[in-house]
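Everything below concerns the one structure shown next.
For ligands, and for the atoms within them, numbers begin at 1 and follow the listed sequence. In this text the structure is predicted, and so the values were computed from the model without any measurement.
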Amino acid sequence: MWQREIRPGVHWVGAIDWDRRLFDALIPLPDGTSYNSYLIRGSEKVALVDTVDPTMKQKLLENLNHLGIDSIDYVIANHAEPDHSGSIPDVLDRYPGSTILATPRCKGMLVDRLVIPEEKVETVDDGETVSLGDRTLEFIHVPWVHWPETMATYLREERVLFPCDFFGSHLATSDLFVADEGRVYEAAKRYYAEIMMPFRSNIERNLEKLKGYEIDIIACSHGPVYDRPDFILDAYRSWVFDDPRNIVVVPYVSMHGSTRRMVEHFVGALVERGITVQQFDLAATDVGKMAMSLVDAATVVVGTPTVLTGPHPAAAYATLLVNALKPKLRFVSIIGSYGWGGKTVETLAGMLSSLKVEVLEPVLCKGFPRDADFEALDRLAVTIAEKHRENGFA
Ligand SMILES: Cc1cc2nc3c(=O)[nH]c(=O)nc-3n(C[C@H](O)[C@H](O)[C@H](O)COP(=O)(O)O)c2cc1C
Ligand SMILES: [Fe+2]
Ligand SMILES: [Fe+2]
């Protein structure tokens, strides 16, 4: 049970998931996560902003009991994903008089997913307001952060923005507000990379839209609350708007050490030319780290041996992720070793259709790399350094 007030009459009533290590059966959670739900009490009405993952519904109900809440007028569903909407049916059971407020698109998704009666959900338009008496909630549609139905809720009198996933971080912490900005920056950047980056143009539009609001607190639905909103708004602006930097990301895999030797040489050649490198052994790495490195990188070079006529499956997986995450990369290339032949380059290049990138001449070598192969890797490093310089990537 927790009693945590972020503003007078505005309580955090969520759940901290210290032990969860995987999200969406895909995303590593090295620091756990939280599902933040907020209760807002006005002079006449009470609203609950988002709920929690259904595995933790008991925590939410306990927190509401602890505050002595015996009725809720509005349950605001900013997002239909189950980590925020999944406990809505339990809240409706406990508080049968409540009405769900959601965007029209979210309404359909909630009815489909949670199998709740349509008449329990009222839709709200972009900019629409609802009065809680002395407090006003304004709904701001912010589509595609990171699903099509998403919105943010703004508590006007207190200038608190509840943007759900937008600006969130997967971080289990007992800090209600951000205490260690360095730690939260890392977690929020990882979250942005994994969840938000594929929707960069929508994020851009929604950041512009939020400029029209005075915001003192950003209370998102994962991680600690921002009482210094510029910290996370500036970080988002830089991740979204800034040019890529003089960084090469090298995800690679090697079965018998040949590709690894190429990677070692190549990384040295890049570093000698003043380039920052982030190297990931795909057999061991946390893919979230790789995703994070893609936020600022100008170039990715995938290292892979040829296996069963194509790239190693770990390299194919990493390439699929790079393509799906749509980072602001400008250049890609491939290096690796083969035994007799195959279609590694064609297969990997064909997997990058979502990126607007120039593919630089790959370097494949037969067996263990020799002098001519190292020279080819040096040439690739020179080309990358020149391309970065020409584009002013610093
Ligand atoms: C399971 C397996 C499948 C392979 N399939 C191919 C292939 O289809 N075509 C090819 O040229 N080499 C193939 N090879 C050979 C490797 O590409 C070659 O040994 C390469 O040098 C390994 O690089 P590494 O030392 O970085 O693992 C295969 C090797 C293994 C172990
Ligand atoms: Fe989500
Ligand atoms: Fe979420």
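- One finds an angle of 100° at the Fe ion (ligand 2) between NE2 on His146 and OD2 on Asp165, to the nearest 10 degrees.
- Residue contacts with ligand 1: Gly341 is placed with a nitrogen or oxygen under 3.5 Å of a nitrogen or oxygen of the ligand (distance criterion only).
- Between Pro305 and ligand 1, no N or O atom pair is found at a separation short of 3.5 Å.
- Nearest protein heavy-atom neighbour of atom 14 (N) of ligand 1: Thr306 O, 3.1 Å.
- The line from NE2 of His11 to CG of Leu67 is 5.0 Å long, rounded to the nearest 0.5 Å.
- A donor atom on one side chain and an acceptor atom on the other are not found under 3.5 Å apart for Asp125 and His141.
- Polar contact with ligand 1: absent for Gly342 (N/O pair, distance under 3.5 Å).
- By the 3.5 Å distance cut-off applied to N or O atoms, Arg260 is not counted among the residues near ligand 1.
- Taking the six-membered ring wherever Trp is involved, the centroid distance between the rings of Tyr236 and Phe241 does not fall below 6.0 Å.
- With the Fe ion (ligand 2) as the vertex, atom OE1 of Glu81 and atom NE2 of His79 span an angle of 100° (nearest 10 degrees).
- In this structure, atom 21 (O) of ligand 1 lies nearest to the protein heavy atom Ser337 OG, 2.5 Å.
- When hydrogens are left out, the protein atom nearest atom 2 (C) of ligand 1 is Val307 CG1, 4.0 Å; that is the closest non-hydrogen contact.
- Within 6.0 Å of atom CZ in Arg245, 12 or fewer heavy atoms from other residues, nucleotides or ligands are found, so the atom counts as exposed in its surroundings.
- Polar contact check, Gly339 against ligand 1: a nitrogen or oxygen pair lies under 3.5 Å apart.
- Proximity to Met255 (heavy-atom distance under 4.0 Å) selects the following atoms of ligand 1: 24 (P), 26 (O), 27 (O), 29 (C), 30 (C), 31 (C).
- Crowding of Glu214 atom CD: a count of heavy atoms from other residues, nucleotides or ligands under 6.0 Å not exceeding 12.
- When rounded to 10 degrees, the angle formed at the Fe ion (ligand 3) by NE2 (His222) and OD2 (Asp83) equals 90°.
- Of all atoms in ligand 1, numbered sequentially from 1 with element shown, those under 4.0 Å from a heavy atom of Thr309 are 7 (C), 8 (O).
- Remark: the Asp17 side chain and the Tyr35 side chain contain an N/O donor-acceptor pair separated by less than 3.5 Å.
- The line from OG1 of Thr33 to CH2 of Trp18 is 11.5 Å long, rounded to the nearest 0.5 Å.
- If you check the side chains of Thr153 and Asn78, you find a donor sitting under 3.5 Å from an acceptor.
- Listed by number with element, the atoms of ligand 1 under 4.0 Å from a non-hydrogen atom of His256 are 24 (P), 25 (O), 27 (O), 31 (C).
- Side-chain contact annotation: His79 with Asp50, donor-acceptor N/O pair under 3.5 Å absent.
- Within ligand 1, counting atoms from 1 as listed, the ones closer than 4.0 Å to a heavy atom of Leu308 are 3 (C), 4 (C), 5 (N), 6 (C), 7 (C), 8 (O).
- Residue His84 counts as close to the Fe ion (ligand 3), with an N, O or S atom under 2.8 Å.
- The aromatic rings of His170 and Phe23 sit tilted, their planes meeting at an angle between 30° and 60°.
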